[in-house]
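FYI, side chains are in, hydrogens and waters are out, and symmetry mates aren't considered; it's all heavy atoms of this structure.
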Amino acid sequence: MAALSKSIPHNCYEIGHTWHPSCRVSFLQITGGALEESLKIYAPLYLIAAILRKRKLDYYLHKLLPEILQSASFLTANGALYMAFFCILRRGLLTIYMANLATETLFRMGVARGTITTLRNGEVLLFCITAAMYMFFFRCKDGLKGFTFSALRFIVGKEEIPTHSFSPEAAYAKVEQKREQHEEKPRRVNMIGLVRKFVDSICKHGPRHRCCKHYEDNCISYCIKGFIRMFSVGYLIQCCLRIPSAFRHLFTQPSRLLSLFYNKENFQLGAFLGSFVSIYKGTSCFLRWIRNLDDELHAIIAGFLAGISMMFYKSTTISMYLASKLVETMYFKGIEAGKVPYFPHADTIIYSISTAICFQAAVMEVQTLRPSYWKFLLRLTKGKFAVMNRKVLDVFGTGASKHFQDFIPRLDPRYTTVTPELPTEFS
């Protein structure tokens with residue numbers, strides 16, 4: 001049990017900003033580093049988003065820069081104010097991100113203390129449950145709105161939405177019209193066309209239930225095409241994520257460019273998305289066949305089984321994020337239905353509590369923090385978060401210096417309240 005009620009005689013220089021004795025200078029250094037990294041993160045992000053959304057020139061001239069600065073200042077404040085409050089209160093109270101990260105951190109703390117037992121493939125089970133609920137809401141009328149609905153419609157297709165603005169007869173007419181237009185256009189030989197032709201030749205005479213709304217394809221072709229489409233999307237997403245790292249080593253290690261296309265993670269993400277869609281569509285079609293009707297409840301079973309696809313791409317981050325967003329969605333649905341109360345500024349309160357938990361872990365027990373988030377903190381603070389004097393915090397029993405056993409800060413004895421453990425020449 002951690003003895004958190006204990007006190008230590010060291011000042012903020014001896015524990016926190018060990019690289020410089022001045023609180024003001026340390027604060028400015030953290031602020032400068034955080035601002036630089038924030039601009040590196042948000043500038044390309046907003047620029048790419050503007051290009052994809054086909055923004056007009058007026059946006060680039062008057063809105064792009066203010067939006068970048070607003071987001072960058074927010075992230076900078078999280079990094080800079082942590083050091084400010086560390087010096088003011090002699091103990092860190094803030095962290096940087098969301099409730100799902102705090103929840104995961106609390107879980108890791110429980111595992112480290114032996115109060116929580118881990119469940120094998122727990123992230124997959126959580127994703128299965130979350131996917132089941134998401135797909136149920138997706139199938140229900142007005143169940144999901146906004147970006148979440150659009151994202152799921154892109155992933156699984158509009159054919160799985162129970163209500164359509166056109167009748168089956170009109171749908172068949174549109175299909176015939178598309179076929180005529182396709183026949184009129186000159187055929188071009190390309191990879192996508194060849195794959196589509198191959199799939200059509202295999203599944204040309206397959207069955208389709210009358211309740212299925214994928215009028216252009218039979219059930220077998222419908223599932224196969226869904227897999228190929230989302231496998232390609234997942235593969236390309238992972239390739240794009242690896243482009244900055246690959247081009248950084250373009251001249252020093254040219255061979256690393258090959259890993260951009262032949263990396264195992266590319267195929268894992270593709271298999272995850274592709275199998276999710278194909279399992280969901282296949283299960284939905286199967287249930288329509290055996291029950292002879294199209295029911296929103298089918299989405300619960302199909303979504304749960306589709307969640308098993310995460311075995312190809314296990315990710316606690318994805319599972320936790322989607323689960324937290326699901327809780328948020330259900331909370332707002334409860335508010336709309338008048339069954340749960342509305343708490344003003346609840347998002348600010350949750351964010352504050354979450355940041356406190358995560359920065360507490362970042363100082364007192366780094367081993368319980370998500371590794372990717374710890375790397376982000378190091379990047380945001382230019383590595384200064386790693387040079388805190390955590391050995392003096394071991395008295396609290398959290399293993400604060402577990403991953404910093406070899407680190408001894410170079411402290412100037414003139415500014416310390418306790419004689420440094422190993423006096424070194426101050427530079």
Side-chain angles (χ1 to χ4, degrees), residues 2-41 69 71-97 102 105 348 351-366 369 373-396 398 400-404 406-427:
L4 294 178
S5 60
K6 294 184 179 180
S7 61
I8 49 179
H10 305 77
N11 59 32
C12 56
Y13 165 55
E14 296 171 83
I15 301 175
H17 48 89
T18 60
W19 63 91
H20 199 286
S22 171
C23 297
R24 184 177 302 173
V25 173
S26 300
F27 170 75
L28 293 176
Q29 290 176 343
I30 290 290
T31 303
L35 178 60
E36 179 184 343
E37 291 300 323
S38 299
L39 290 174
K40 288 181 180 178
I41 292 172
L69 293 177
S71 296
S73 61
F74 164 75
L75 191 57
T76 301
N78 278 268
L81 290 179
Y82 165 76
M83 184 52 62
F85 279 95
F86 190 91
C87 295
I88 294 171
L89 303 176
R90 296 297 188 262
R91 191 171 182 182
L93 296 178
L94 303 176
T95 189
I96 207 164
Y97 223 48
T105 303
T348 303
Y351 178 83
S352 300
I353 295 173
S354 301
T355 53
I357 293 172
C358 293
F359 262 25
Q360 170 76 6
V363 174
M364 302 298 297
E365 41 192 318
V366 176
L369 202 62
Y373 184 69
W374 172 241
K375 291 179 181 179
F376 172 74
L377 289 180
L378 293 179
R379 178 185 171 188
L380 189 65
T381 60
K382 298 293 185 181
K384 291 182 172 59
F385 219 141
V387 296
M388 297 182 70
N389 190 7
R390 289 176 169 83
K391 284 195 174 183
V392 301
L393 300 176
D394 284 339
V395 65
F396 295 114
T398 60
S401 67
K402 182 177 180 180
H403 296 311
F404 307 91
D406 298 330
F407 174 73
I408 300 176
R410 296 168 60 85
L411 301 174
D412 188 342
R414 295 175 298 173
Y415 300 98
T416 61
T417 56
V418 177
T419 303
E421 179 183 352
L422 291 176
T424 57
E425 182 181 357
F426 184 78
S427 56

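Considering all non-hydrogen atoms of both residues, Arg414 and Asp412 come closest at NH2-OD2, 2.6 Å. Of all heavy-atom pairs between Thr76 and Leu35, the closest is OG1-CA, 3.2 Å. Between Leu393 and Met364, the closest heavy-atom pair is CD1-SD, 4.0 Å. Between Ser22 and Ser26, the shortest heavy-atom contact is O-OG, 2.8 Å. Here the closest non-hydrogen pair linking Leu369 and Cys358 is CD1-O, 3.8 Å. Annotation for Val395 and Val392: closest pair CG1-O, 3.6 Å, computed over non-hydrogen atoms.
Between Leu377 and Trp374 there is a side-chain heavy-atom pair separated by less than 4.5 Å. In this structure, Val366 and Met388 have side chains that are not in contact, with every pair of non-hydrogen atoms separated by 4.5 Å or more.
To the nearest 0.5 Å, the span separating CZ on Phe404 from CG on Asn389 amounts to 11.5 Å. In this structure, NZ on Lys382 lies 12.0 Å from CD on Gln29, to the nearest 0.5 angstrom.
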Under the criterion salt bridge (charged side-chain N to carboxylate O under 4.0 Å, His left out), I'd like the reasoning laid out for Lys402 against Glu365: C-alpha separation, chi angles, the key distance, then a yes or no.
CA-CA 8 Å; Lys402 182 177 180 180; Glu365 41 192 318; over 6 Å; no
Go through the steps for Phe385 and Val363 under the test side chain to side chain contact (heavy atoms under 4.5 Å, CB included), then give the verdict.
CA-CA 8 Å; Phe385 219 141; Val363 174; 3.9 Å; yes
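In this structure, the side chain of Asp394 engages the main chain of Ser401 through a donor-acceptor pair within 3.5 Å.
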